[in-house]
Amino acid sequence: MADHTGKKVKNGTGMSLDTNSIKMTTLLSFVIFALFLVMVLWGLTNFFLNSYYERARAQEVIRTADALENQFSQDLSNFDTYAVQVADTNSLYIQLDTTDDSFIYDGTRAAKDLGDFKYDVEKIKRDLEASGQDSITQTERDSSGALSRLAYAAKVSADDSSVLVIIAPLYPDRVTVRIIRRMLIYISFIVLLVSFLLAFALSVRLSSPIENLTRSAKELSQGNYDVKFNGAGFTETKELARALNKASYEMEKTDFYQREIIANVSHDLKTPLTMIRSYAEKIIDITGDNPAKRNADLAVIISETERLNKLVSDMLSVSNLQSNNVEMHMETFDLVEAARSVYESFSVLASSEGFDMHFHPCKQAYVVGDRSRLIQVMNNFVSNAVKYSGDSKYIDIKLTKSSKKVTFHCIDHGVGIPSDEIGHVWDKYYRTSANHERGIEGTGLGLAIVKGLLNLHSAKYGVESEEGKGSDFWFEMETVKKPSAKKSGEEKDKKG
Ligand code: ADP
């Protein structure tokens, strides 16, 4: 899609060119860099070649003059041969004026071919004399500024009678410059081509793992959890692929649980609703006129409504715990006393239904927590023990106290939990496989609520269980000092 900013445009072939894509960005960066390099090269050649050449030539002339002066003072007999050779090799005009004679060694033929090459030797000699120095250097340009000469004059004999003059044509060697320019064209072309190819290769290498990942992500978004992310090529893309594979695994798990939950919840809701409906119909059609039968049917409807109510409020509790939306009323209280109240409320049921329930308290153990929520936790453990105690019907509620810790145990000798399922009993909606066979009713939410509440109290908790032998559900809390009478009534509110 082309946008109004012109970032993405269509080219002549109908293909869209996205200037924000990795391919285009790399390509453009490389091309811009190559162009910059070429411009620098051209700039250097055009603006600095001449001045660099002049400086190098001046240094060379001074070195040659030194060598000639040495030759003059040390080995005069070979001066001629040496001067001719130096003049020729370096394209120099050399003139040695002694008191008696003047010797000229002219190696500037190439320069002369390029144009007028004259330098007023007498003038520089006069300038040397006038300067009072041992040597002077001068540069002179012709009117066009293209041809110039570097002149050097030095007194070479002890009595100042001999003067050495060296003139170096400072012609910008047009042939050389032309060659250099031609070479530059080749170099520029090669640099541009190589950078374009490199940029292309790099952009393909950079974008291909990302394109792979995008392809896989699209498949994943269509619900294909089997897709595997592959970020081969770069450490960063491999890391990204690993993170995406993990995310996809988590999504699959969540999706699975969501389906499970929906299936469980709708089943759990449907059963009591069907019962309520059929008993209501029964009252209308059959038992409405018979008060005894009608009341019995109404009792079923009420119990099913209670079941529904419990299920819905458990679901709400889990959802609140999950979203951390639980208000906690923290206080310091005796856990042993709270456990005793739980025991007492169950012992009524115990005696009516033939349960053998025992309470084993320890010394007072004060803890900081939400009393009613911790009672809810203990109630849950005990009601599970009642539900899953099978034929044994023998339940122990025990509290143990060690240094600064108190542990609540609810021990039954009933059906127990298979070892491979024990890790899951705290998960929402989890019910062990044995439940289904036995037809024991439940929502699978009780222990998930217990887990959430105990986590809010930072309490440790767990279960030891053996299938067919029974279970010991426990939680452990830090004890605190018994509060003073005044303080014990105060409540600290905390949002969990
Ligand atoms: P439910 O409503 O099914 O009892 P819970 O969350 O309280 O849900 O328990 C989850 C599952 O853990 C139960 O369905 C049961 O299989 C297992 N469980 C809990 N308590 C006991 C126990 N005392 N003995 C054996 N199994 C238990």
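Order of listing sets the numbers, starting from 1, for every ligand and every atom in it. What you see is a predicted model; the values in this text were computed from it and never measured. For this chain, numbers begin at 1 and follow the sequence in order.
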Quick test of your reading of the model: are Glu304 and Arg307 salt-bridged, counting only N-O distances below 4.0 Å? yes

Between ligand 1 and Glu421, can you find any atom pair, the residue atom being a heavy atom, that is separated by under 4.0 Å? no

Salt bridge or not for Arg63 and Glu60, using N-O below 4.0 Å? no

If you take the nearest heavy atom of each of Ile422, Asn384, Ile417, which one is closest to atom 19 (C) of ligand 1? Asn384

From CA spacing to verdict: ring-ring contact (aromatic ring centres under 6.0 Å, His included), His409, Phe381: CA-CA 9 Å; His409 292 269; Phe381 280 169; 9.9 Å; no

Gly416: heavy atom below 4.0 Å from ligand 1, yes or no? yes

Residues that Arg205 engages under side-chain hydrogen bond (donor to acceptor under 3.5 Å, both in side chains), provided they are two or more places apart: none

Would you say Val415 has any N or O atom under 3.5 Å from an N or O of ligand 1, going by distance alone? no

Do any heavy atoms of Phe473 fall under 4.0 Å from ligand 1? yes

So is there a nitrogen or oxygen of Leu447 less than 3.5 Å from a nitrogen or oxygen in ligand 1? yes

Within the supplied structure, the quantity of interest is the number of heavy atoms (other residues, nucleotides, ligands) at a distance under 6.0 Å from Tyr225 OH; does it exceed 12? yes

May I ask you to list the atoms of ligand 1 that are less than 4.0 angstrom from any heavy atom of Ser471? 22 (C), 24 (N), 25 (C)

